[in-house]
Colleague: 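Structure below; questions to follow.
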Amino acid sequence: MDQIILQILNGLDKGSAYALIALGLTLIFGTLGVVNFAHGALFMLGAFCAITFSRILSLSKVVVDETQKDFLGNPLKVDVPYIYDWFGESAGQVLINWSVPLAILFAIPVMIIIGVVMERGLIKHFYKRPHADQILVTFGLAIVLQEIIKYYFGANQIPNPAPEAFIGSFDFGAAIGLKAGTIIYPYWRIVYFCFAMLLIGSVFAFLQFTTFGMVVRAGMADRETVELLGINIDKRFTIMFGVAAAVAGLAGVMYTPINPPNYHMGMDFLVISFVVVVVGGMGSLPGAVAAGLLLGILESFASMRQVIEALPGINQVVIYLAAIVILLTRPRGLMGRKGVMEE
Amino acid sequence: MTKTKLTRRSVMQTGAVAGAGLAVPTILTAGSHSGFANAPTGSSVTLGFNVPQSGPYADEGADELRAYKLAVEHLNGEGDGGMLQTFSSKALDGTGILGKKVEYVTGDTQTKPDAARASARSMIEKDGAIMITGGSSSGVAVAVQALCQEAGIIFMAGLTHSNDTTGKDKKANGFRHFFNSYMTGAALAPVLADRYGSDRKAYHLTADYNWGYTTEEAVRNSTEALGWETVAAVKTPLSQTDFSSYVAPVLNSGADVLVLNHYGGNMVNSLTSAVEFGLRAAQANGKNFEIVVPLYSRLMAKGAGKNVAGIFGTTGWHWSLENTAGSRYAGTNAFVKSFGEKYGFPPSQAAHTCYCQTLLYADAVQRGGSFNPCSVVEALEGFEFDGMGNGPTLYRAEDHQCIKDVLVVRGKENPANDFDLLELVDVTPAEAVTFDPAIFGGELGSCNPGA
Amino acid sequence: MMLGLNRKDASLLLIVAILVALAPIFLNPFPEQSGLAQFNAGYPDLMQRFVIFGIFAIGFNILFGLTGYLSFGHAAFLGAGSYAGVWMLKLLTINVIPAIIISTAVAGIFALIIGFISLRRSGIYFSILTLAFAQMSFALAASVLTPITGGETGLQTALDDPRILDGTNTTGNIPAPSIFGLQMGDSFQISVGGWLWTFNVGYYLSAIVMLSAFYLAIRIFRSPFGIMLRAIKSNQQRLNYTGLNTKPYMLACFVISGMYAGLAGGLMVSMDPLAGAERMQWTASGEVVLMTILGGVGTLIGPVLGAGLIKYFENIFSKINDNLLHKWFAFMPDGVEDFIVSIIYPFVGKGWHLTLGLIFMAVIIFLPGGLVELGQKVASIFKKKGSTPSNNPNTEPAE
Amino acid sequence: MGILEVQNVGKRFGGLQALQDVNLSVKENTIHAIIGPNGAGKSTLLNCLVGKLIPDTGTVQFDGNSVLGRSPYEINQMGISRVFQTPEIFGDLTVMENMMIPIFAKRDGSFALDAISDFMKHKDILEAAEKVLEEMNMSNKRSMQASSMSRGDKRRLEIGMCLSQEPRLLLLDEPTAGMARADTNNTIDLLKQIGDERDITIAIIEHDMHVVFSLANRITVLAQGTPLVEDVPDKIKGHPKVKEAYLGETAH
């Protein structure tokens, strides 16, 4: 029992990352009709926003410390962050410690700008082109983006820990009345899950309850009519691309303490998130979220020891197997609309 | 007018026809005269450095390449000579190899066997490389080693830790300086039993591919021999990025030690998850819960950040070795000095093994008096040397595996800087990790000179 | 007309045949000693790769170019063919002919199974289904199927393989793949002046297979079957209401295309007897899509050109290191040299992926028809001079 | 007994009863029109006839054989050809190729793996296609790409493609929708000519009264998923029930 609860927790957590990326993909697909293979790269860029932000915070001047030696026996050069000079050492340390959550504030504008530039500079020329062209040009862009990141940050993973307050884990079992110590779950992953739900909720609320959102939704359903009403839907769709980029970026920022990021993390997530989108149903936002969580949970269950022992290799293929079964039984995915992307 | 010749093997040599008249076709004869592939004919000799320049191990590959460039400098008599001063064999004199200036070509393995073979073949066929070296995974090493055997070229493996490289997939033309999974198990188990006691229950998470299998087997066998019990061993997909669903059940499994048979990004991510799930701080069976990472590298430790603190593993070499463990490991400081002065930071173990391999190859050619692979094989088989940072070392004839001390290290609690991440716990002497070369099967075959 | 082809196709085939036959010469345009020799591609391994990946891309184009169905899992068939090929080399004989035949057949069967299921859906759903199958094949081949596939280190020939048709091997070395005694690695070499030309057995074997595959592709393109496939791409609904059942057409096309991939896999292991699991990964499938689009989708020669360009980049650009760059620009003043090298260096050597990515983007943005379109544009510039504009609308697929 | 017999057909989409108790008999060699206001169920009925939809109740028989449960290609092979509301042709192919494909299908059946012969060198098929093109007055357009033609020409091509298979029943779905007056008249003339010259039955679903009354020799009026009346055109014109159904929407 406790094992099952534990794996559901795990799945929700992993699934919320899938859901966030798939949500952005679907937003772009639904509004602009573009299949964006660079979306994984946006997730990766978000993670590197967090790294960049923490490096900015730790920008340092070099002080030579004669009392210590480095590996060659020369006097040790010690880095002292400028931020200590500005805010004092203790406040500076707090800021550096909280760099991941603070990076959200940094990442939102950066990612929106990246998204808008991407849409205006490249994607907009591809609205009328075949989906295969869109896939390829964004795939090319993804390669370029990750190579640029690799050039500046290297190929190795870069650790970016969560604030100390969130290090450690929460005894979930004790909280729900089971034996203590049976279900413990890291604080930061709980934060990640809540954050993801909050973000998904705000995207839905934004689309549901604001005039802007209503226009965008109307445009998703019937672009021409909305344009006939004299509304500049293009501009709004550009902004939606920025929002989708920001969603992927924030998913990346908050993910850094879970997995230290490296330049190809976007590609690692790309295939899975496409599977998620398709399983959820192309163009369906709730479908993307539901499929993300569902596949996350499935993946977690498949990684249980008892399951692997019964079906060797199932953990390698479960997501794809699920995708195949769902697509064969529900032709348009879980919540897909008819006629989307079938030709 | 055109005369042609059918060569056995594709022999292609730059510089073979210098000075020939434009109108007169010339027969290429390099191969047939010397009797081996890619025999150098001019005043220089070309080595092929085949390292991952793209993909997840690109940083490790970059470090290997730095070491190779340094080795070439030293062989050509530039720089401070590095380990040439401490190396027990004095055959090399800084005038290249057999008087020929050392040049090199580079290729990108992409850490994929296919791509690695393509780039190795290009270096052999196009650039006339006489020796191929490098790589940072066993899949690549095994694949390229087989290719070199077929082409009649010497292969000096870079970082490869699987038993297979000099075990079931060993080849006469291939040599490995780095240690293997078996030696990791043999070195690690006694230290673990000593520190954590001999009644431990271990839970293995194993990367689902060849290296993972041999490492799990080695660590299991040697820990079980000392009284440990293996509660479970779960395979994890190589492409996995989030290990939470594998790590989470560990605490309730009855185990009190988690062994992560992972390398590279896999290890960084699984270790991060394990620490996140509180395993470092937990208690099980009345003992402190422990995590073990059989194969450490400094770059991985850097990727995992603070999470490596206090975690045991083995490593082939560490830049601080001579300072902490004494002059048995002479050569270390000489290498660190030339590397550090050139690049500004200390070398990784991958860089060390690649540097040594280049020098060992050059030395074997020099001692044997020929670039012929069979002469090199003869010179390296059973070769005993010292002064290359690992203490007295034997290149074993039976399986072309270097037998040397293995270091057991631990992640530092409070690293002073970015490089000072591992501290030496113990050195397991070569005798303790020596094994019977027959246990892994495979056949060495005979040396292949190519042409 | 020649071989049952119309004049235009026959001359295309002839040109390709001549180019392929003389490739060892014109792929080595720079003398061995010159600094530009780095850009020579006329060595056996790369020439073999050009034609083998050409076959792979031709086959992919029969599916994607004719029917518009975008398979994202085609590498699975290349991989299946490769494994089958190595097993033949291990069990049966080191002669490559059974390996090539069996790998084609095995890939065909594999394609039949995957195609039968995947073709129940169309559009992106079809793409994802093929992707899912290929990723599953890759994941399983790299892990639980290790006894059959050799896992991550790949499947190779070994000294103790049975090779029941070959008799016992006493050389102490693994025999190299050969065709009736002629080894794939054997070469004629001719050196003229500073130039060195290598005529390699394996390359010519692959080239002959490639030309046959190319010829067959032309026939398929022009056949009733081919027209029906193009009709599927154009309007599947109309075809259904015309009394044709599109499913067997699609399945047959998928299987043929898979067999081309298997043939390429069989040839790959014949040239170099190792089959690695990563050959099946989705990025490998993506690569053949890129090759096809880069060259020109739906055209006959485009996929071959695209395959050549990508393999050239992978093998030539990735080997340019800073050492070489400094050598090339050594004639410049030091400061300028360093500056130029530092500008170029990020794009070559370890940065070759970046250049490749930029080229993809440029081609897709400016030349949606790929290299063939570029060729047509250039040709039309020359044609305009002097000749009267012809008003014969060209609706056949361009070569 | 008509060539096409529809009996008691009903079809429901969720809460909407699209067809109910539809009985219809199309006599051989007639031009039979099915008319009705928007939402009367005309398209649903047509889709039931060609295999795109399967009715919930009732039977559809063509020449004594049931068409229910068969796929479109099988129904086509029984001798029913369909012309769509917007011309469905192979836009990427040439007019000639468009015309040849149905003839191949007629000859080879639903599938034939002929991957070796040259499509354009089948003399018999080429000639047959040429003949239909002439009949359609399109011989001069044979090497044009089909998608580059005018809508009227596309319609002619589609009708030609259907005729080339010599079907026994030609089904047309609003064949003049969206056409200019001149094109509409041309199409009417073409269909009249086909009806006169060929041994063929035509069933036409139409909204435009002008077309219906110039062509049909029998008309069924459909309203709210049910046939209202069936009779010759003259009787339909003044029929009170029809007027009621088309209230406010008199013939234009």
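Each chain gets a letter, A, B and so on, in the order the sequences are listed, and its residues count up from 1.
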Colleague: Hey, does C/L244 have a side-chain heavy atom less than 4.5 Å from the side chain of D/I101?
Modeller: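 Sidechains of C/L244 and D/I101: in contact.
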Colleague: Tell me whether the count of non-hydrogen atoms from other residues, nucleotides or ligands lying under 6.0 Å of NZ in D/K27 goes above 12.
Modeller: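 More than 12 within 6.0 Å, yes.
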Colleague: Working to the nearest 0.5 angstrom, can you tell me the gap between C/T242 OG1 and D/N98 CG?
Modeller: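 So the OG1 of C/T242 and the CG of D/N98 are separated by 9.0 Å.
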Colleague: Hey, could you give me the CE/CZ distance between D/M161 and C/R238, rounded to the nearest 0.5 Å?
Modeller: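 Those atoms lie 5.5 Å apart.
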Colleague: Pair D/E97, C/R230 - check side-chain contact (heavy atoms from CB on, under 4.5 Å), show working.
Modeller: CA-CA 10 Å; D/E97 285 166 334; C/R230 287 171 57 204; 4.0 Å; yes
Colleague: Give, for atom CZ of C/R219 and atom CZ of D/F119, the distance between the pair rounded to the nearest 0.5 Å.
Modeller: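 So the CZ of C/R219 and the CZ of D/F119 are separated by 15.0 Å.
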Colleague: Around D/R151, counting heavy atoms of other residues, nucleotides and ligands shown, do more than 12 lie under 6.0 Å from its CZ?
Modeller: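 Count over threshold, so yes.
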Colleague: So which bits of residues 107-117 of chain D come within less than 4.5 Å of chain C, counting non-hydrogen atoms only?
Modeller: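 Residues of residues 107-117 of chain D touching chain C at under 4.5 Å: D/G109, D/S110, D/F111, D/A112, D/L113, D/D114, D/A115, D/I116, D/S117.
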Colleague: For chain C, which residues from residues 77-85 of chain D lie under 4.5 Å away (heavy-atom distances)?
Modeller: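 The residues closer than 4.5 Å to chain C, in numerical order, are D/Q77, D/R82, D/V83, D/F84.
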Colleague: Can you tell me if D/D199 has over 12 outside heavy atoms packed within less than 6.0 Å of its CG?
Modeller: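 Check fails, neighbour count at 12 or below.
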Colleague: Looking at every non-hydrogen atom in both residues, tell me the closest pair between C/S234 and D/D92 and how far apart they are.
Modeller: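 The pair with the smallest heavy-atom distance is OG-N, 3.1 Å.
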Colleague: Can you confirm whether C/L239 sits close enough to D/F90 that some side-chain heavy atom of one is under 4.5 Å from a side-chain heavy atom of the other?
Modeller: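 Contact flag for C/L239/D/F90 side chains = yes.
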Colleague: Under a 4.5 Å heavy-atom cut-off, does chain C meet the side chain of D/M100, its backbone, both or neither?
Modeller: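 It is neither, since no heavy atom gets under 4.5 Å.
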Colleague: Among residues 251-260 of chain C, which ones touch chain D with a heavy-atom distance under 4.5 Å?
Modeller: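 So the qualifying residues are C/A252.
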Colleague: Which bit of D/I89 is near chain C, if near means a heavy-atom gap under 4.5 Å: side chain, backbone, both or neither?
Modeller: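 Looking at D/I89, just its backbone touches chain C.
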Colleague: Would you say the side chains of D/Y73 and C/N245 form a donor-acceptor pair under 3.5 Å?
Modeller: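 C/N245 and D/Y73 do have a side-chain donor-acceptor pair below 3.5 Å.
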Colleague: Under the salt bridge (Lys or Arg N to Asp or Glu O under 4.0 Å) rule, what pairs show up with a residue in residues 159-168 of chain D, not counting sequence neighbours?
Modeller: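 The answer is D/E28-D/R168, D/D63-D/R168.
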Colleague: Near C/F116 CZ, under 6.0 Å, is it more than 12 heavy atoms from other residues, nucleotides or ligands?
Modeller: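 Not buried by this count: 12 neighbours or fewer within 6.0 Å.
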Colleague: Could you report the tightest heavy-atom contact between D/H122 and C/P224, atom names first, then the distance?
Modeller: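 Closest pair (atom of D/H122, atom of C/P224, distance): NE2-CG, 3.8 Å.
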Colleague: Between chain D and each of C/G243, C/P248, C/G226, count heavy-atom pairs under 4.5 Å; write down the option with the most.
Modeller: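 Heavy-atom pairs under 4.5 Å are most numerous for C/G243.
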Colleague: Counting only heavy atoms closer than 4.5 Å, note whether C/I218 contacts chain D via side chain, backbone, both or neither.
Modeller: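 For C/I218, neither part sits under 4.5 Å from chain D.
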Colleague: Could you go through D/K52 and C/Y241, starting from their C-alpha distance and side-chain angles, then the distance that decides it, and tell me whether this counts as side-chain contact (heavy atoms from CB on, under 4.5 Å)?
Modeller: CA-CA 10 Å; D/K52 202 170 186 185; C/Y241 283 95; 3.4 Å; yes
